[in-house]
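See below for the structure under consideration.
In the text below, chain A, chain B and the rest are named by the order of the sequence lines, each starting its count at 1.
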Amino acid sequence: MTRRILVTAALPYANGPIHIGHLVEYIQTDIWVRFQKLRGNRCLYICADDTHGTAIMIRARQEGRSEEALIADMREQHVRDFAAFDIEFDNYGSTHSDENRQVCEQIWKSVTDDGLVIEKPVEQLYDPEAETYLADRFVKGTCPKCKAPNQNGDHCEKCLSNYTPKELIDPRSTLSGATPELRQAPHRFIQLEQLHDFLNEWTQSGNHLQPEIANYLKGHFLGDELRDWDVTRPPAYFGFEVPDFPGNYWYVWFDAPIGYIGSTLQWCKAHGESLDDWWRSPDCEVHHFIGKDITYFHTLFWPGVLKTAGLSLPEKVHIHGFLTVDGEKMSKSKGTFIQASTYADHLDPSYLRYFFASKLSSKVDDLDLNLDEFKAKVDSDLVGKVVNIASRCAKFVEDKTLSKSYPDDGMLFRRGALAADRIAEHYENCDFSSAIREIMFLADQANQYIESKQPWKLRKDQLKRGELREICTVGLNLFRQIVVYLGPVLPKLVQQTNELLSEPIQHWDDAKSPLLGTTVNTFQHMLQRVDPEQVEKMIEDTKDAQVTEASGDSATSPYDDGPEALATEPLSGEECTYDDFVKVDMRVARVVAANHVEGADKLLQLTLSLGGDVTRNVFAGIKSVYDPEQLVGRLVICCANLAPRKMRFGLSEGMVLASGPGGKDIFLLNPDEGAKPGMRVH
RNA sequence: GGGGCCGUAGCUCAAUCGGUUAGAGCAGCGGACUCAUAAUCCGUUGGUUGCCAGUUCGAGUCUGGCCGGCCCUACCA
């Protein structure tokens, strides 16, 4: 029976490029969709850019253009990146579309009519210069508990305490640098608690969620009253204005999931179909693929909204973990925060599709991209095993046809065909890694078959040409069978196989009957091994892009800090352990005497007091910038345990810390007020 | 502080409901082959299933504790 299936992947935010972490989800979803289509099901892959919110508004302002121009630009980039990875959406929309506004208004009416909406005042910091309210992450200031400067709006990284942005000492907006003021504005909330019973039922029954997710929700949210969900924002905000709440906008998280429907509506208009057939029909399954970070929205808030609006509930929310690279979080400084476009500049996207497939299961576990394993797996499985089958058969029958009837192959093809249902079940359950394991077993068998038949020997004997052709017919059919199974993962390989064997793969069941009598074309390499140099270059490019990005940002941030300093003296690549660090005993010291040194061009002789009667005699190369008179009495930082060094002018017993490249650019470090000579620097 | 997940061969992962001697792939080692992109094939090494106890005729699997790692929370969602 043909199923109708609507599939979504989470909407990427229009504030940044696609990176390989995003790709886990879009590739996972793409594989699942291609699988469904190959099975003959009617399946739509729907996605869109998520375009609203403060971040977009601010960025557009900084770049001196409209939000619309910014999101149009980002959309183009996203679409290009997805295409490079063979991620094929049926519709790629935008949350900033007429269709989405229309659906938002309908849904808003439903939740309002159902009495779920309530208005409450909200007190928030407001940036009078940027004329917008500030989310916590846009406020910085001094921690109210430990007085550490430059801490986040809601917690202190120094003392780990939490607070509200209102408590911050000396708060300032990271948008404009202005001092925010406390203001109050009405917000509209959705009272999710009214749907509590429904959500208990829906999340805990019917296999809509992975078991660990159902447990998580039960333990974390469903045991208590569900909080009201703040879904509007006062101006200024980039989004859709709420019809019955003039001057206010829907919060980005309200219209983002609705974007799934808005984008579907766009597709329906283009294809003359009815939206209700996809979103209000019991005959259509809705599947969402998301990352674990947005679980709450998709498993509580979103089903609640859908239920209220009389729309289809998801048949399943498929939740995946995060991507790590070489066992660690993706890191910009390590060059593992790899953008999709950077990857595609160096490596074949098929590799990544295969690698992810070989690691993905239906669990929420994180997935690690170990670059050595990546190479080993792609080389060994795809090049060494799969493509090799075609490579070692095709030449012997080039420009000839496959046998007219299928030869005896010891049931190999038939056994491979019997695996179809098992493999399909793995795909269906998102156990791609299990599917791949089964498929690779078939590839091993095919290679064993060829080995045992030794076609390279038969080739030398004119009388055995027929037998040779039969062996190659078997080998190439086993290969094609494998390619059918890998089809959802490797669409390019399907194309290449179609060209080689002159007969397109169109359906999963093509794996069940062998190809006979068709022409075999000239074999061309289908996949190269992973080039380790390109992997290296990709990492290097990622690091470089990071530097460029940092300097690009500086033009628009309130702090005009250029990249010159780092360029002059690059960061040390070498790590220093804490133990290394504490070896250096740095102390606050007071300059009690400062003198010119006769015969020295750059040096001043300083007497530093560490408090009491502990002093150090230090020669410092700072004469070009500092006069002895102005130094006397001031506090400096010195290294107190530097091995004493005999100089031409006397013994130097330490070092005064200063920054800058030298010459006229020397800047002594001094502690903030209150520090006393002798205090250690930690 | 509260909660969750995980720990199986050098690496990545299997092992049905608690059931025979814990299995694959990769890597390693030994051999074969030479059609194939230094590919392939045959053989082989490798495990106190993190540790300790308990339940059981029987534990990788269930229970408790400990160790190690990851994640979510900390009165936000």
Side-chain angles (χ1 to χ4, degrees), chain A residues 122 135-137 153-155 160-165 189-190 192 210-221 223-231 251 253 291-302 321-322 324 326-329 355 358-361 363-398 431 433-434 436-441 443-460 468 471-472 475 479 523-531:
Chain A
V122 172
D136 292 356
R137 66 178 185 284
D154 54 354
H155 77 278
L160 299 176
S161 59
N162 290 298
Y163 41 82
T164 67
F189 292 75
I190 289 179
L192 205 54
Q210 289 127 298
E212 58 263 54
I213 297 293
N215 286 336
Y216 164 76
L217 296 175
K218 197 172 172 183
H220 275 85
F221 303 107
D224 291 321
E225 193 173 301
L226 295 168
R227 278 160 218 288
D228 295 343
W229 176 244
D230 185 352
V231 289
Y251 177 45
W253 259 111
K292 63 184 181 182
D293 51 326
I294 53 177
T295 296
Y296 177 88
F297 303 100
H298 283 83
T299 57
L300 295 176
F301 177 68
W302 180 235
F322 296 142
T324 56
D326 285 342
E328 296 181 49
K329 270 189 192 170
F355 185 80
S358 77
K359 305 285 279 187
L360 276 166
S361 75
K363 303 251 179 72
V364 190
D365 300 343
D366 289 351
L367 186 159
D368 186 44
L369 169 59
N370 177 292
L371 292 169
D372 293 334
E373 190 194 350
F374 172 76
K375 173 173 169 52
K377 201 157 204 124
V378 170
D379 287 359
S380 157
D381 289 1
L382 291 184
V383 182
K385 286 182 183 176
V386 176
V387 171
N388 187 43
I389 301 166
S391 180
R392 62 197 307 205
C393 288
K395 265 192 183 166
F396 299 144
V397 285
E398 194 175 305
D431 268 325
S433 59
S434 299
I436 297 294
R437 230 196 317 276
E438 292 252 11
I439 297 166
M440 284 311 129
F441 174 74
D444 284 339
Q445 302 251 293
N447 273 308
Q448 285 165 32
Y449 170 83
I450 296 164
E451 195 75 21
S452 71
K453 295 294 181 184
Q454 304 185 307
W456 54 93
K457 286 188 178 159
L458 298 179
R459 163 178 81 139
K460 292 168 185 163
L468 176 64
I471 290 163
C472 293
F479 170 71
F523 178 81
Q524 286 167 338
H525 283 182
M526 294 174 163
L527 269 174
Q528 304 300 317
R529 275 154 210 291
V530 176
D531 179 355

Separation between the P atoms of B/G25 and B/U37, rounded to whole Å: 24 Å

Per-residue pairing states of RNA chain B in dot-bracket (Watson-Crick or G-U under 3.5 Å; . unpaired, | other strand) read (((((((..((((.....[...)))).(((((.......))))).....(((((..]....))))))))))))....

Name all residues meeting the side-chain contact (heavy atoms from CB on, under 4.5 Å) criterion together with A/V530; count only those two or more places apart in sequence or in a different chain, and write none if there are none. A/L347, A/Y351, A/F374, A/K375, A/V378, A/D379, A/V535

Any donor-acceptor pair under 3.5 Å from A/D431 side chain to A/S434 backbone: no

Got a sec, which residues hit side-chain hydrogen bond (donor to acceptor under 3.5 Å, both in side chains) with A/K377, two or more places apart in sequence or on another chain? none

Those residues at least two apart in sequence (or on a different chain) that pass side-chain hydrogen bond (donor to acceptor under 3.5 Å, both in side chains) with A/K385 are A/D444

In terms of side-chain heavy atoms of A/Q448, which of B/C70, B/U40, B/C42 is nearest? B/C42

Tell me every residue that passes salt bridge (charged side-chain N to carboxylate O under 4.0 Å, His left out) with A/D293, counting only those two or more places apart in sequence or in another chain. none

So A/W253, base contact, sugar-phosphate only, or nothing? Heavy-atom distance under 4.0 Å. nothing

Return the 5'-most residue of the pair A/K385, A/N370 with respect to RNA chain B, ranking by each residue's nearest nucleotide. A/N370

5'-most contact on RNA chain B (nearest-nucleotide basis), A/F221 vs A/K292, goes to A/K292

Take nucleotides 32-37 of chain B nucleotide by nucleotide from the 5' end and write B, S or -, depending on whether a protein heavy atom sits under 4.0 Å from the base, only from the sugar-phosphate, or from neither. -SSBBB

